[in-house]
Amino acid sequence: MANIGFIGLGNMGGPMAANLVAAGHRVVGFDLVAENCAAAAKAGVSVAASGPQAVSEAEIVVTMLPAGRHVLSVWNEVLGAARPGTLFVDCSTIDVESALEAHRIAAAAGMASLDAPVSGGVGGAQGATLTFMCGGADDAFARAKPALGAMGKKIVHCGAAGAGQSAKICNNMILGISMIGVCEAFVLAEKLGLSHQALYDVASTSSGQCWSLTTYCPVPGPVPTSPANRDYVPGFAAALMLKDLKLSQDAATASGAATPLGAHAAELYEAFEAAGFGGTDFSGIIAFLRERARA
Ligand code: NAD
């Protein structure tokens with residue numbers, strides 16, 4: 001069992017740190033928000049007074065922070081306080097450029113590093129069923145795997161530094177586009193007098209089948225566990241989908257990839273957020289698309 005420093009004990013990091021404790025690791029955590037530290041302490045995390053203090057005895061440091069600038073700021077602050085050779089694992093969803101910079105500053109400080117963003121949301125973090133998408137050297141991946149296994153059930157080594165973030169934003173660009181496609185199909189079906197259930201029964205077993213339809217169906221009824229059945233309480237908030245779509249578009253611009261549907265999905269989610277729905281589940285965009293059809 002490892003000594004683990006954990007910085008960022010929010011919606012995702014809190015339960016992830018708790019699962020590391022439950023698996024027998026010694027976890028020293030830190031967050032700027034006192035309530036988050038208190039909740040983590042209840043789950044058995046030792047709370048440090050600062051980021052540097054959280055990492056000083058660690059073999060592995062995990063960060064779970066909002067965006068690239070937070071990750072670079074925290075890593076710059078704590079790298080000098082860690083023991084040489086400590087493995088730094090960033091599980092936040094951040095832009096590829098910042099992820100590469102994080103690897104660079106870790107290497108310059110004599111540390112190993114891995115980018116390891118997750119999918120599975122807060123439910124996956126609580127249930128230790130996250131999927132980890134990892135980028136970095138083989139030995140860093142091998143060292144991280146047992147700890148990641150305490151927080152998730154699928155751990156994929158996607159390639160070299162940055163490959164985890166690349167996989168995450170490509171996957172979530174598919175998700176944003178496919179959710180809008182499924183919503184548009186239901187909106188069209190409504191106009192054509194076709195019932196939700198009939199469209200679901202056909203598309204879920206035909207070539208229109210996808211996760212946005214069969215797991216996260218954006219209309220109430222066909223999939224009782226989807227957020228549509230609980231007034232679109234997230235789930236996965238539209239603001240987070242917008243964040244990931246913007247990251248995909250930044251990466252597309254930087255790399256010269258053509259992603260016209262990704263760009264349009266980002267515009268639609270931007271308009272949905274601007275209309276006040278950033279806290280709504282991302283499948284709730286169906287109501288917004290219905291309104292556009294009426295306009
Ligand atoms: P969150 O805002 O709940 O948690 C982030 C935490 O980081 C906060 O508690 C904040 O106080 C802390 N923090 C910020 N700056 C800090 C600093 N300098 N030192 C210490 N703590 C600091 O966000 P979250 O939902 O836990 O998401 C974290 C990351 O995971 C994001 O990158 C997000 O995109 C990604 N993610 C979230 C979900 C989800 O469903 N919530 C799913 C997949 C990936």
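As the structure is a computational prediction, the values presented were derived from the model and not from experiment. Counting starts at 1 for both ligands and their atoms, in listed order.
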Legend entry - Verdict with supporting geometry, Ser98 and Asp95, side-chain hydrogen bond (donor to acceptor under 3.5 Å, both in side chains): CA-CA 6 Å; Ser98 295; Asp95 60 288; 2.8 Å; yes
Inset, instruction - Please determine, by modelled atom types, if Thr253 and Asp250 share a side-chain donor-acceptor pair under 3.5 angstrom. - result: no
Inset, instruction - For residues 42-58, pull every pair meeting side chain to side chain donor-acceptor pair (under 3.5 Å), keeping only residues two or more places apart or in separate chains. - result: none
Inset, instruction - Could you please provide the protein residues found below 4.0 Å of ligand 1 on a heavy-atom basis, arranged by chain and number? - result: Ile7, Gly8, Gly10, Asn11, Met12, Phe30, Asp31, Leu32, Val33, Asn36, Met64, Leu65, Pro66, Val74, Ser92, Thr93, Val118, Gly121, Val122, Lys168, Leu240, Lys243
Inset, instruction - Determine, using ring centers only, whether Phe277 and Tyr232 are less than 6.0 Å apart. - result: no
Legend entry - Salt bridge flag under 4.0 Å for residues Glu190 and Arg290: yes
Legend entry - Exercise: do Thr93 and Gln165 side chains pair donor with acceptor under 3.5 Å: no
